[in-house]
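These notes are about the structure you will find just below.
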Amino acid sequence: MKVIRAKSAGFCWGVERAIDIARDIARTKEKPVFTDGPLIHNRQMVAELQGDGIRDVGDYQSQQDLRLNEQEKENSVILVRAHGISPERRKYLKGIGMQFKDATCPDVGIIAGKIRIHAKKGYSTVIFGDPKHPEVIGLMGYTEGQGHVVQTIEDINALPHLGDKVCMVSQSTMFTHEFEELSKRLKERFPETLIFDTICGATKERQSEVITLKQKGAEAIVVIGGRHSANTCKLVALARLQNIPTYHIETAAELEVEAMSQYTAVGVTAGASTPDFLIDQVCETLKQIEPAATAKA
Ligand code: SF4
């Protein structure tokens, strides 16, 4: 079978950078690294990192107190994930007696900076994103208590009157077409709104490549990544919007040979937290599958 692999499949640069920072500390300084929540939403990669002395202690949303004893805190490092954290969380982590290291993705840092600057000038911030996602929870901390998270047009319609000092940003991994739709509606309600499209370049590239996989001849799309990985689930949703059979798997072992043999060409992409070795395994497995006689020619 022909396999069309998206060039953007796998780690985005922000996740890769966070992993490199964690590994660098663990290897060169020979210190255990604790991350404030899972560094990456991929079980297979988490297991690899544990082998390097990197493990998560915080909760998914980076909100609860860390459960580490004094001995564990001593001579170890607490690392902030690519998602970033709120100023309050930063203060907390810096005050617990551990060496502090920040691996916030610079693209998330830019969003936080835009919110902070405008909040200080009295702007209300509207964030398009998932209110339970750690990136959004962290960003809300920069809004000076004047932040609102929206996911739908109805959420925008339900916003209280915000006056003429309003700015809008997006969680870095949202859909561009949805951001455009929601920002248009927000402008109708508050015409002075400043709109900042903060969906990151890595996300935009990944999303546009899903659309081109079909144009390149893919009869189905396989999306590889954790079932709890938000950006992987978004890729799955986008692939389904192309009206093409879509399969969400975590590893090659989940590929169903009979189902796959219906196709002669399959597109493969993966979430920003999926390591290359898992993508390679899936592509190799697919290449070995012979299309059935009834498969589209
Ligand atoms: S998805 Fe974008 S903003 Fe998030 S870590 Fe990756 S590059 Fe950074």
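Computation of the quantities below employed the complete heavy-atom set of this structure, encompassing side-chain atoms and omitting hydrogens, waters and symmetry-equivalent molecules. Counting convention: from 1, in listed order, for ligands and their atoms alike.
- Classification of Asp24 and Lys29 as a salt-bridged pair fails, no side-chain N sitting under 4.0 Å from a carboxylate O.
- Side chains of Glu219 and Thr264: a donor on one and an acceptor on the other come within 3.5 Å.
- For the ring-ring contact (aromatic ring centres under 6.0 Å, His included) condition, the pairs that include at least one residue of residues 103-123, sequence neighbours left out, are His118-Tyr123, His118-Phe196.
- Other residues, nucleotides and ligands contribute only 12 or fewer heavy atoms inside 6.0 Å of the CD atom of Glu290.
- Thr269 and Arg206 form no side-chain donor-acceptor contact under 3.5 Å, judged by distance and modelled atom types alone.
- Listing protein N, O or S atoms at distances below 2.8 Å from atom 2 (Fe) of ligand 1, with waters left out, gives Cys200 SG.
- Tested against Ile249, the residues Val223, Leu255, Leu278 include a single side chain to side chain contact (heavy atoms under 4.5 Å, CB included) partner, Leu255.
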